[in-house]
Amino acid sequence: MITSTRLLLRALEPADAELLYRWENQMELWHVSNTLVPFSRYQIKKYIEQSSLDLYQTKQLRLMIDSLEGPAPESVGMIDLFDFDPFHNRAGVGIMIHKPRQKEGYAREALSLFLEYAFNHLGLQQIYCNIPQSNVPSIHLFEALDFNLVGIKREWLKTATGYEDERMYQKINPAKRGDQKI
């Protein structure tokens, strides 16, 4: 298990379906996930069933972020590995903390745990993320964990008021930096 004293990152369970249904259908989050239409309960159920497939088949992994601070574990968010490329040993990462539980340090701790898992267990060389220019808390989070800004995609994201730039960040596995022979 991927765990700290405060958090548990765990695989999806059938019991998560209703919570995922609510989270995935929050329209204010759709711009981050490129969602255009609501998800049905049936789609969420099928997604959870397919989440047990091998990472090398699906090229993605979603884990629930559970707080261990209360009398029982409580799901406070989720973290995704996507665009997994086993040949180049890289993938994208995205994280979502449920709004009432934001600003409690869960995102930083969960992302730190996830990076350790991705670099040390999966053996990834690098992880990247894409962040809308207006998402200052996410920019601060990824920069605090030593992600480097590698580019800005100008007017990349369509918004209600026009277009917004998207920042691309990358983190190279610190244990593998400079170990390649030329």
Side-chain angles (χ1 to χ4, degrees), residues 1-26 29 32-33 39 44-86 88-131 135 137-148 169-177 179:
M1 289 200 294
I2 306 168
T3 187
S4 68
T5 56
R6 206 167 90 106
L7 292 181
L8 167 68
L9 305 184
R10 63 169 177 81
L12 296 174
E13 298 286 348
D16 296 320
E18 191 59 32
L19 182 58
L20 284 180
Y21 175 77
R22 287 195 316 268
W23 285 352
E24 291 288 357
N25 286 310
Q26 290 179 20
L29 300 177
V32 177
S33 62
F39 289 95
I44 297 292
K45 181 182 172 199
K46 287 296 180 193
Y47 174 78
I48 290 172
E49 288 171 5
Q50 292 176 358
S51 72
S52 65
L53 296 175
D54 186 76
L55 172 62
Y56 288 85
Q57 281 181 289
T58 63
K59 308 291 188 230
Q60 64 182 9
L61 170 68
R62 172 170 286 176
L63 298 175
M64 297 299 289
I65 303 168
D66 285 357
S67 169
L68 302 174
E69 295 182 304
E74 174 193 0
S75 295
V76 296
M78 53 193 170
I79 192 162
D80 292 322
L81 184 83
F82 60 90
D83 289 343
F84 174 61
D85 183 336
H88 294 288
N89 291 320
R90 66 179 174 229
V93 66
I95 187 166
M96 189 282 298
I97 302 296
H98 187 48
K99 196 167 191 99
R101 302 309 303 265
Q102 291 177 359
K103 298 184 180 174
E104 296 180 37
Y106 292 125
R108 184 178 181 138
E109 190 170 342
L111 185 54
S112 294
L113 283 170
F114 193 75
L115 290 171
E116 183 179 326
Y117 168 76
F119 287 147
N120 298 330
H121 183 75
L122 297 177
L124 294 183
Q125 167 68 19
Q126 61 183 281
I127 296 183
Y128 71 89
C129 66
N130 300 299
I131 305 172
N135 191 341
S138 285
I139 290 169
H140 288 156
L141 168 67
F142 283 89
E143 288 179 349
L145 291 174
D146 298 322
F147 277 74
N148 295 305
Y169 285 86
Q170 175 185 44
K171 182 175 177 108
I172 306 291
N173 185 338
K176 293 187 174 192
R177 277 204 88 110
D179 67 352

Mind listing the closest non-hydrogen atom pair of [X] and [Y] along with its distance?
X	Y	result
Ile65	Ala110	CD1-CB, 3.7 Å
Leu124	Arg90	CD2-N, 3.8 Å
Cys129	Ile131	SG-CD1, 3.8 Å
Ser67	Val76	CB-CG1, 3.9 Å
Ala91	Leu81	CB-CD1, 3.4 Å
Leu145	Ser112	CD2-OG, 3.4 Å

[X]: side-chain hydrogen bond (donor to acceptor under 3.5 Å, both in side chains) partners, not counting sequence neighbours:
X	value
Glu49	Lys46
Glu116	none
Gln102	none

Short question: side chain of [X], backbone of [Y] - any donor-acceptor pair under 3.5 Å?
X	Y	answer
Lys59	Asp85	no
Asp80	Phe82	no
Asp16	Glu13	yes

Would you say [X] and [Y] make side-chain contact, with heavy atoms under 4.5 Å?
X	Y	result
His88	Gln126	no
Arg22	Leu19	yes
Arg10	Leu63	no
Leu12	Leu20	yes

Spacing of [atom1] belonging to [X] relative to [atom2] belonging to [Y], to within rounding of 0.5 Å:
X	Y	atom1	atom2	value
Met78	Arg62	CE	CZ	4.0 Å
Phe119	Ile127	CZ	CD1	4.0 Å
Asn135	His140	CG	NE2	10.5 Å
Trp23	Ile97	CH2	CD1	8.0 Å
Leu9	Met64	CG	CE	11.0 Å
Arg108	Leu141	CZ	CG	7.5 Å

Taking only Lys NZ, Arg NE, NH1 and NH2, and the carboxylate oxygens of Asp or Glu, determine whether Asp66 and Arg6 approach each other closer than 4.0 Å.
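Not counted as a salt bridge, because no side-chain N and carboxylate O are separated by less than 4.0 Å.
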
Please tell me whether Tyr128 and Phe147 form a close aromatic pair, meaning their ring centres lie under 6.0 Å apart.
no

Verdict with supporting geometry, Asp146 and Lys171, side-chain contact (heavy atoms from CB on, under 4.5 Å):
CA-CA 7 Å; Asp146 298 322; Lys171 182 175 177 108; 3.5 Å; yes

Hey, mind stepping through Gln125 and Ile172 against side-chain contact (heavy atoms from CB on, under 4.5 Å) and telling me if it holds?
CA-CA 6 Å; Gln125 167 68 19; Ile172 306 291; 3.4 Å; yes

Verify whether one side chain among Asn130 and Tyr169 offers a donor that lies under 3.5 Å from an acceptor in the other.
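Result is no, nothing qualifies.
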
Do you see a donor-acceptor pair shorter than 3.5 Å between the side chains of Gln50 and Thr58?
no

Would you please test Ile79 and Leu113 for side-chain contact (heavy atoms from CB on, under 4.5 Å) and show each step?
CA-CA 11 Å; Ile79 192 162; Leu113 283 170; over 6 Å; no

How are the rings of Tyr117 and Phe114 set to each other: parallel, tilted or perpendicular (split at 30° and 60°)?
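Ring orientation, 0 to 90° scale: tilted.
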
Does Tyr106 form a side-chain contact (heavy atoms from CB on, under 4.5 Å) with His98? I'd like the steps, not just the answer.
CA-CA 10 Å; Tyr106 292 125; His98 187 48; over 6 Å; no

